[in-house]
Amino acid sequence: MTNTSRETYPLLCKGDIDGFFGLAVDNLVQVLVLAALCKQVCGFSEAMLVQRVLPGIAVSLLIGNLFYSLHAWWVARRDHNPTCTALPYGINTVSMFAFIFFVMRPVYFQFKASLGDAGAADLAWKMGLLACIGSGVIELLGSFVGGWIRRVTPRAALLSALAAIGVIFIAGPFAFQIYERPIVAMLPMMIILVVYFAQVRFPLGLPGGLVALMVGTGLAWATGLWAKPEMMSPAAVAEAKAWIGVHTPHVYWRDLLELVRHAEHRDLLIGFLGVIVPMGLINALGSLQNIESAEAAGDRFRTGPCMAVNGIGSIAAGFCGSCFPTTIYIGHPGWKALGARTGYSILNAVFFTVVFFLGLGSVITSAVPMEAGIAIVLWIGVIITAQSYEATPKEHYAAVAMGFFPAVAALAVLFLPNVLMSVGAKAGIQPIISGHLDLIEKAADHRDAWWPVGIYALAGANSSFVITCVIISAISAKLIDRDFKAAAIWTAIACVLTVMGLQHAFRIQPGPFELTPRELLVWQRGGWPEGTFLYRAWGIAIGYGVTAVMFYVIHLLRQRGRFVDLEFLRRQGDFVDLTKTRTVVHGPEVSPIGPSVVSTSSGHTLLPPTPPGVDDTSTETPVVEDETIPLEPWPPASPDAEPTTSEEDASDDDDETHR
């Protein structure tokens, strides 16, 4: 008999080497992307990245990877499971893009004119730190209330924002960039698709991400042989070597405390809650789903501690200089299939700690082009979107799709400033709005050919489109479920948030570099430059309010049997034309939801099922008078009565529960 208490669990095995390359390359690509974007759209200098951001990232990676490796070792001994694989951990891709494009970038452009490039970049960095800390706090709290959030919020509502960001803001821009530099980026993209879509493995067990990164880097350095200017610069690599040295992280709590003391910055932070709060909730639910995925693969981790460490890692990152939350990665079964156990997580922690504390991150980002690795991020965006549908009941697919509309509007708002700057239009977007409204005023039919006010209202200021994504999808999911009371509650929440200015409302100030809309909260009453365009979204709030009342009225009428479900009509199948026949044929026994007699457009009448205790085997044809007499529904429906489901439907519900 085997003594399971003496089973050994190795801290490092051959599979850990493969797992380390896969996880390290994934995190390395995230660093390449965030470093390039922070420089391009947030004005970060190389010094900010090397001395502040990268050491902070190392702190969060060290905390999470060490915890999950030790936790896997503990679970392996507890469950006598020698194949237990640590949960993969790294930079949160969705939050990274959300905070760069929807928090830091707007702050940088808003204050660039008044504070200069360096001052605006510093403020954007501090606001990113607060966003990271806020997201971590929400995920930490989610370890206590994650189950309740999952119960009250339709899965489609939370995953719709995730799907929209995944395909529109993660995969979309990188797809554009791949086809802009096809010689360098297209072959690595196809390598990634071969590995992850075709599910094949390269010779010698080389990870596909590493192969794509090596091929893309080689092509980028070779572009100088046939194109000028060269894509890569040996001089840039030589300059990056100057940053090699010890760069230990610092704690920036005093800087953050000083930031929130200013009323303008506090209002700015409150406006960004429309991004921070949904991102924190999405991170928390994503962690729950990844823990469930690991349990399905045979590794049963404790939910509370795992979610708490995710939050602690993000909070530590924010205080130590990183603007980017960390979280459990998707794909635990994939690392388990590679044979990775716990060592790959320890190797990942040690590698990034050494690289970022010694200033080697600058050398890597200057020697490896972003185009070599963006295919990995593109694949992540596609998979995030695909899994958003896989994890959602199929009847809610349309609810997920509804959440794409605000994201599409946000994409237009995001790219419009880039277009304006590229053509030299530095007067901002206020003249565009004013000119558009003038054209409508002068037009004979008062119609417009494009809809900037509607686009900006749907996107919202400070990218509150994330809230709109969640709410529209939640309302849609509840309507699909015919839960009109819950739909009314979600619509009332939308009304309140709109009145407060946390979604749809925005203001556009005139002047140079005013390229993004600003928040317009309910307590903000003035002090803006002359010519500022204000959109309080009162009409949208009224629309939400009236709709909430309508949904609740429908809920009350359904309790009284005044609304009939089309599904019931199709399943009942008992139609009698009283003007032409006196024959009644009883159909399947289904509990009615609406009135027992329904006149249709074709002049037919729907009769109720036979009440219990009544003999329906008689062949005698009942005599029906010419006029239709409404019958009371049988059995009497209680206010909370639900329609009877068939065995097939019950089976479908069980499948969705297990899913």
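The analysis underlying the following values was restricted to heavy atoms, covering all of them including side chains, and did not include hydrogens, waters or symmetry mates.
- The aromatic ring centroids of Tyr252 and Phe319 lie 6.0 Å or more from each other.
- Judged as a side chain to side chain contact (heavy atoms under 4.5 Å, CB included), and not counting sequence neighbours, the contacts of Ala98 are Phe102, Val275, Met279.
- The side chain to side chain donor-acceptor pair (under 3.5 Å) search around Ser60 returns none, not counting sequence neighbours.
- With sequence neighbours excluded, no residue satisfies side chain to side chain donor-acceptor pair (under 3.5 Å) with Ser314.
- Across every non-hydrogen atom of Pro154 and Ala477, the tightest pair is CB-CB, 3.9 Å.
- The ring-ring contact (aromatic ring centres under 6.0 Å, His included) search around Phe101 returns none, not counting sequence neighbours.
- For Lys39, the salt bridge (charged side-chain N to carboxylate O under 4.0 Å, His left out) criterion is met by Glu46, not counting sequence neighbours.
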Pairs under 3.5 angstrom only: tabulate donor-acceptor contacts from the side chains of residues 405-412 to other protein residues two or more places apart or in another chain.
none

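- For the ring-ring contact (aromatic ring centres under 6.0 Å, His included) test, residues two or more places apart in sequence or in another chain that qualify with Tyr544 are His504.
- Pairs engaging residues 530-543 under the side-chain hydrogen bond (donor to acceptor under 3.5 Å, both in side chains) rule: none recorded [sequence neighbours left out].
- Judged as a side chain to side chain contact (heavy atoms under 4.5 Å, CB included), and not counting sequence neighbours, the contacts of Glu258 are Arg261, His262.
- For the residue pair His555/Asp483, the side-chain donor-acceptor check at 3.5 Å is not satisfied.
- Taking Met370 as the reference, Val33, Ala36, Phe174, Gln177, Ile374 meet the side chain to side chain contact (heavy atoms under 4.5 Å, CB included) condition, with sequence neighbours excluded.
- Residues satisfying the side chain to side chain contact (heavy atoms under 4.5 Å, CB included) test with Ser476, not counting sequence neighbours, are Ala399, Met402, Ile472.
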Do any side-chain atoms of residues 120-140 form donor-acceptor pairs under 3.5 angstrom with protein atoms, and if so which ones, sequence neighbours left out?
residue, atom, partner, partner atom, Å
Asp122, OD1, Arg52, NH1, 3.0
Asp122, OD2, Lys126, NZ, 3.2
Trp125, NE1, Gly321, O, 3.0
Ser135, OG, Asn283, ND2, 3.1
Glu139, OE2, Ser287, OG, 2.7
Glu139, OE2, Asn310, ND2, 3.1

